[in-house]
Amino acid sequence: MTRPPRRWIAHLDMDAFYASVELLRYPDLKGRPVVIGGGRRHQPELLADGTRRYARLADYTGRGVITTATYPARDLGVHSGMGLMKAALRAPQAVLLPTDFDQYRAYSRRFKAAVAEVAPLIEDRGIDEIYIELTELPGAQEPVGHDPYGGVRAIALDIKNNVRRATGLTCSIGVTPNKLLSKIASELDKPDGLTLLTHEDIPERIWPLPVRRINGIGPKAGAKLATLDIHTIGELAERERPWLVQQFGRSYGAWLHDASHGVDERALVTHSEPVTISRETTFDRDLHAKRDKAELSAIFTRLVEQLALDLQRKGYVGRTIGIKLRFEDFKTVTRDMTIEAPTAEAATIRLAAGLCLKRVDLARRIRLLGVRVSALRRAGPGSDPGARA
DNA sequence: TCTGGGGTCCTAGGACCC
DNA sequence: TCTGGGGTCCTAGGACCC
């Protein structure tokens, strides 16, 4: 008689990823508060004596936000998503570095390849995190000494070591029976952590946490739960399923109930195709459709051209062309239209996006403009006139 | 000194067809 | 002239995530 194997899923999250990559390049910044974000206007300057001069957060002007902050910067009360101008009030002396996505993508490929050497079944969740299937790996079900889960723990350590060897970077891993719990667990011992939990650990380790730690409970749901006097995952777990369904609807209410009890049967998604490709930009200052027509038009054209190149480079064509506008009051509207034949051509996209733009009332000033192509399919060989580039 | 850029998924109404 | 139900596609907005 053989028992079914215990399911083990890992969630791996790189520690302060962008900032850590920058520290590899600028080791003299180690231990200092560093913030990544903003435009290209604050590159470090190499001085005659060989040292570097870095931009200070205090010197920043503009509308950028923090993409990542080092742990010493976080200790000063700044965090990702915070406006740089606001962050400058809290940590004026923090170093500010521009984002270098090409570099982060290169390190992303390296750490994922290092994980795949140990465990090839991976779900990509973006540039700095992944889920990893551990269930069937050799030794995953074996105890080691007095540790009943020693086998799977050793695999997780192996993954961490391989990532560090390949990149010089640390990561934090959660190992549990499902994606939901692993995602929470990977944050419990950051940085450089390894947290292994089973269902038996839920009351002690999961229930005391705030509901917002659950992936899928955002600002809105969190606020609504707070008005219902539900703050921790344990308080959520105390509520009856029908009551949650009544408060949050059939789908979301039932999911909240499952999530609070650590129930999640989702399989790893090891392959996916993009649904949408888009480009958008926030202006340095709000623009008016009439008074700033020339500037707006030039930006519009540039976005469309970048988008067409993205599509062609990635090998996709799409039938639904859309735009996005954000006004000075932060209200956002979208318009889209579906055309006859899928395209990756700038001229076609520009035409359709222009028609979409005409359907919007442009009385208010605009802070953001975006262009989007969806209903994507792979560009067949020779089928797409835009694919020549 | 408010709030980037790139995504996914869900909901809901209306058109249109059978 | 009225009354259905179901399915699919299109469009707009919103929540959420990295």
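Below, chains carry the letters A, B, ... as their sequence lines are ordered, and counting in each starts from 1. Since this is a predicted model, take the numbers as computed values, not measurements.
When rounded to the nearest whole Å, the span between CD1 of A:I217 and P of C:dA15 equals 15 Å. Atom C1' of nucleotide B:dC2 and atom CZ of A:F327 are separated by 20 Å, given to the nearest angstrom. Residue A:I36 contributes atom CD1, which lies 19 Å from atom P of C:dC18 at whole-angstrom precision. At whole-Å resolution of the value, CG in A:D128 and P in C:dC17 are 14 Å apart. The nearest whole Å value for the distance from the CZ atom in A:R63 to the C1' atom in B:dT3 is 10 Å. Put simply, CD on A:Q306 is 17 Å from P on B:dG4, counting in whole angstrom units. The CG-C1' distance, from A:N215 to C:dC18, rounds to 10 Å in whole Å. For the pair A:H79 NE2 and B:dC2 C1', the interatomic distance rounds to 12 Å; values are reported in whole Å.
Within the nucleic acid shown, A:R319 comes within 4.0 Å of sugar-phosphate atoms alone, with no base atom in reach, counting heavy atoms only. In this structure, A:K331 reaches neither bases nor backbone, as no heavy-atom distance under 4.0 Å exists between it and the strands shown. As judged by a 4.0 angstrom heavy-atom cut-off over every strand, A:A88 is placed among residues making no nucleic acid contact.
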Between N or O atoms, less than 3.5 Å apart, protein on one side and nucleotides 12-14 of chain C on the other: list the pairs.
{"from": "C:dA12", "atom 1": "OP1", "to": "A:R359", "atom 2": "NH2", "distance (Å)": "2.9"}
{"from": "C:dA12", "atom 1": "OP2", "to": "A:D336", "atom 2": "N", "distance (Å)": "2.6"}
{"from": "C:dA12", "atom 1": "OP2", "to": "A:D336", "atom 2": "O", "distance (Å)": "3.4"}
{"from": "C:dA12", "atom 1": "OP2", "to": "A:R359", "atom 2": "NH2", "distance (Å)": "3.3"}
{"from": "C:dG13", "atom 1": "OP2", "to": "A:T334", "atom 2": "N", "distance (Å)": "2.9"}
{"from": "C:dG13", "atom 1": "OP2", "to": "A:T334", "atom 2": "O", "distance (Å)": "3.0"}
{"from": "C:dG13", "atom 1": "OP2", "to": "A:R335", "atom 2": "NH1", "distance (Å)": "3.2"}

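In terms of the side-chain hydrogen bond (donor to acceptor under 3.5 Å, both in side chains) criterion, A:R302 has no residue partners (sequence neighbours excluded).
With a glycosidic angle no more than 90° from 0, B:dC2 adopts the syn conformation.
Side-chain rings of A:Y149 and A:W8 approach one another, their centers coming within less than 6.0 Å. Taking the six-membered ring for Trp and the full ring otherwise, the centers of A:Y18 and A:F101 sit less than 6.0 Å from each other.
A:T332 and A:R326 share a donor-acceptor pair across their side chains, judged by distance under 3.5 Å alone.
Mapping A:M85 and A:F101 onto DNA chain B via the closest heavy atom, the residue that lands nearer the 5' end is A:M85.
For A:E204, the CD atom is loosely surrounded, since the number of other residues' heavy atoms within 6.0 Å does not exceed 12. Applying the 6.0 Å contact sphere to CD of A:E136 captures no more than 12 heavy atoms from other residues, nucleotides or ligands. Under a cut-off of 6.0 angstrom, the local environment of NZ in A:K220 is sparse, with at most 12 non-hydrogen atoms contributed by other residues, nucleotides or ligands.
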B/S/- contact track for nucleotides 5-11 of chain B, protein heavy atom under 4.0 Å:
BSSSS-S
Starting at the 5' end of DNA chain C, write a dot or bracket for each base, bracketing those in Watson-Crick or G-U wobble pairs whose two distances are under 3.5 Å and using | for partners on another strand.
....||||||||||||||
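Contacts classified as side chain to side chain donor-acceptor pair (under 3.5 Å) and involving residues 57-76 of chain A (residues at least two apart or in different chains) are given here: A:R63-A:D286.
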Hey, can you pull the donor-acceptor pairs under 3.5 Å for the side chains in residues 231-239 of chain A, sequence neighbours left out?
{"from": "A:T232", "atom 1": "OG1", "to": "A:G234", "atom 2": "N", "distance (Å)": "3.4"}
{"from": "A:T232", "atom 1": "OG1", "to": "A:E235", "atom 2": "N", "distance (Å)": "3.0"}
{"from": "A:E235", "atom 1": "OE1", "to": "A:H231", "atom 2": "N", "distance (Å)": "2.6"}
{"from": "A:E235", "atom 1": "OE1", "to": "A:T232", "atom 2": "N", "distance (Å)": "3.1"}
{"from": "A:R239", "atom 1": "NH2", "to": "A:L228", "atom 2": "O", "distance (Å)": "3.2"}

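Separating the CD1 atom in A:I159 from the CZ atom in A:R164 is a distance of 15.0 Å, to the nearest 0.5 Å.
Separation of the P atoms belonging to C:dC17 and B:dC2 is 26 Å when rounded to the nearest angstrom.
Considering only heavy atoms from C-beta on, A:K160 comes within 4.5 Å of A:D192 through its side chain.
Geometric assessment of A:R367 against the ring of A:F330 yields a negative cation-pi assignment under the 6.0 Å and 45° thresholds.
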